[in-house]
Amino acid sequence: MSLINYSSREINCKIVYYGPGLCGKTTNLQHIYSRVPQETRGKMISLATEMDRTLFFDFLPLELGQIRGFRTRFHLYTVPGQVYYNASRKLILKGVDGIVFVADSQIDRFDANVESLMNMHDNLSEHGLATEKIPMVLQYNKRDLPRVVSVPDLEKELNPNQAPYFEAVALRGSGVFDTLKVACKLVLKTLG
Amino acid sequence: MVKGNWALFEEDFWSINQILQTLMRSASSRSVMLIDKTGQLINSIGEPPGFDVTSFSSLAAADFAANAQLAEMVGEKDFATLVHQGANESLYLSMIANRVILVVLFDKKTSLGLVRLKARRATDELIVVLNRLFNKLSYKNEDALTTNLGADFQTEAESEIDSLFKD
């Protein structure tokens with residue numbers, strides 16, 4: 001839920017990275033953190049297990065600076081991908097302004113993508129939100145690996161609303177900023 | 001023109017500011033924060049905290065959200081108040097109007113009892129201000145909620161996004 005504070009002249013928006021376990025959501029945020037100018041990024045918070053699996057969420061605030069007199073910020077969150085952390089996923093979606101759905105392109109993760117997308121629909125509807133009304137970008141990650149599903153097949157199954165999509169190799173940073181840029185712009189459009 | 005899912009106007013901001021100032025002084029606390037329940041900081045009063053308030057806000061909201069689920073599991077509607085007591089620093093958190101979280105950061109110079117008492121008074125006053133604000137938001141039409149940022153806002157924001165978010 002975007003919050004506009006007319007007195008302190010701030011606009012804050014929330015973008016959530018969603019997707020199945022180990023699809024690369026945290027990797028996306030880590031790459032963004034490592035590449036944006038220091039004055040643009042806040043502290044990155046990761047609530048993870050000892051094995052570096054996301055337990056509750058990762059959080060990275062990004063500040064665009066003053067736009068027409070308003071400090072404009074994007075708060076990036078990831079959800080824990082593992083199936084049994086659904087309660088946490090639902091909480092993180094509260095007040096979401098835009099979603100990046102990170103799909104794992106590997107053939108043997110295809111069903112996990114579909115399951116995660118269905119889970120996202122369910123969790124959004126529990127917050128009274130319709131998926132088609134929320135700005136969304138899809139990222140087909142791990143395109144460098146052997147045995148990946150073709151992009152047309154991923155599109156057919158995961159992107160019926162024809163949201164913008166990007167192919168990515170988040171570990172190397174490829175496609176990460178393309179995805180983020182479009183997600184941020186789509187969110188700003190819903191404000192305007 | 002830009003509009004938000006919810007917005008805070010100048011007069012409401014200063015009313016809230018006044019209530020938080022009074023709370024901080026009367027409870028002898030170090031600082032007081034008001035955070036939207038989705039984790040966005042609305043206002044912070046008192047000693048400039050030695051930590052990142054943006055991250056703090058997201059964690060406080062997550063803390064509340066997780067505890068609300070725990071409350072439901074044990075058959076409670078919610079846990080309206082949370083207290084975290086440390087050896088030196090403590091936190092008092094309270095959900096107001098199911099929309100914002102009041103956070104009081106205090107140390108050994110005061111007591112939890114006093115903080116709780118003063119926070120309850122401040123909560124009653126904040127509910128009045130917030131209800132006024134929410135009524136305003138629901139009755140005003142969308143045009144009235146837009147601000148005069150001008151049509152250039154989007155273009156300027158997009159160009160900033162392009163220049164900052166790149167490898």
Side-chain angles (χ1 to χ4, degrees), chain A residues 1-14 31-32 35-37 39-45 47 56-57 59-70 72-75 77 87-88 90-92 94-97 173-174 176-178 180-182 184-185 188-192, chain B residues 1-14 16-17 35-44 51-59 61-66 68-70 72-73 99 145-167:
Chain A
M1 179 157 48
S2 60
L3 169 62
I4 302 180
N5 189 332
Y6 289 107
S7 188
S8 54
R9 301 187 73 75
E10 290 175 356
I11 297 174
N12 292 316
C13 304
K14 178 174 183 176
H31 181 76
I32 295 164
R35 293 300 168 97
V36 294
E39 60 276 15
T40 300
R41 64 177 202 219
K43 186 175 161 59
M44 181 163 167
I45 299 272
L47 301 184
F56 198 170
F57 61 84
F59 170 72
L60 174 61
L62 297 175
E63 178 158 341
L64 288 189
Q66 296 269 350
I67 312 285
R68 315 274 326 157
F70 275 72
T72 306
R73 292 200 194 93
F74 289 98
H75 291 174
Y77 285 83
S88 303
K90 209 184 298 176
L91 295 178
I92 303 307
K94 198 181 279 182
V96 65
D97 293 304
S174 138
V176 169
F177 279 105
D178 294 330
L180 174 68
K181 276 195 271 195
V182 170
C184 291
K185 288 176 185 178
L188 285 176
K189 268 192 190 130
T190 63
L191 293 178
Chain B
M1 302 292 267
V2 169
K3 59 183 184 289
N5 294 44
W6 78 283
L8 193 61
F9 301 99
E10 189 95 30
E11 53 170 340
D12 306 305
F13 180 84
W14 290 113
I16 289 169
N17 207 54
I35 298 165
D36 165 61
K37 77 170 176 184
T38 68
Q40 319 204 43
L41 179 70
I42 296 169
N43 199 3
S44 170
F51 50 79
D52 182 330
V53 285
T54 308
S55 304
F56 181 91
S57 302
S58 77
L59 289 170
D63 185 19
F64 235 103
Q69 294 296 306
L70 292 176
E72 210 177 291
M73 285 177 177
R99 203 73 182 261
L145 283 177
T146 56
T147 185
N148 300 317
L149 295 177
D152 294 338
F153 177 83
Q154 182 116 3
T155 321
E156 217 171 282
E158 289 193 356
S159 117
E160 202 62 32
I161 286 169
D162 286 332
S163 78
L164 287 175
F165 299 164
K166 61 184 181 198
D167 279 299

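Convention: sequence-line order gives letters A, B, ...; per-chain numbering from 1.
- For A:L62, the part sitting under 4.5 Å from any heavy atom of chain B is the side chain, from C-beta outward, and nothing else.
- Residue A:R41 holds its CZ atom at 14.0 Å from OG1 of B:T54, rounded to the nearest 0.5 Å.
- Contact detail for B:S55 and A:F59: the closest heavy-atom pair is CA-CE2, 3.7 Å.
- In this structure, A:N12 contributes its side chain and B:Q40 its backbone to no donor-acceptor pair below 3.5 Å.
- A:T40 has its side chain out of reach of B:E160: every pair of non-hydrogen atoms, C-beta onward, lies at least 4.5 Å apart.
- Pairing each heavy atom of B:S58 with each of A:Y77, the nearest pair is CB-OH, 3.1 Å.
- The contact between A:I45 and chain B is made entirely by side chain atoms (from C-beta outward), counting heavy-atom distances below 4.5 Å.
- Between B:L164 and A:E63, every side-chain heavy-atom pair lies at or beyond the 4.5 Å cut-off.
- Atom CG of A:N5 sits about 11.0 Å away from atom CG of B:D36, to the nearest 0.5 Å.
- Atoms CD1 and CG, on A:I67 and B:D152 in that order, are 11.5 Å from each other to the nearest 0.5 Å.
- Only the backbone of B:L41 comes within less than 4.5 Å of a heavy atom of chain A; no side-chain atom from C-beta onward does.
- Looking at every heavy atom in both residues, A:R35 comes nearest to B:D167 through NH1-OD1, 3.4 Å.
- Between the CG atom of A:L91 and the OG1 atom of B:T38 there is a distance of 12.5 Å, given to the nearest 0.5 Å.
- Counting only heavy atoms from C-beta outward, the side chains of B:D162 and A:F177 never approach each other to under 4.5 Å.
- Of the two parts of B:Q69, only the side chain, counted from C-beta on, holds a non-hydrogen atom closer than 4.5 Å to a non-hydrogen atom of chain A.
- If you measure heavy-atom distances from A:L47 to chain B, the contacts under 4.5 Å come from the side chain alone.
- The line from NZ of B:K166 to CG of A:D178 is 13.0 Å long, rounded to the nearest 0.5 Å.
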Verify side-chain contact (heavy atoms from CB on, under 4.5 Å) between A:L64 and B:F165, making sure each step is shown before the conclusion. CA-CA 9 Å; A:L64 288 189; B:F165 299 164; 3.8 Å; yes

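- Atom CD in B:Q154 sits 10.0 Å away from atom NZ in A:K185 (nearest 0.5 Å).
- Side-chain contact between A:L188 and B:I161 is present, with heavy atoms from C-beta onward closer than 4.5 Å.
- For the set B:N43, B:D52, B:I42, the count of heavy-atom pairs under 4.5 angstrom toward chain A peaks at B:D52.
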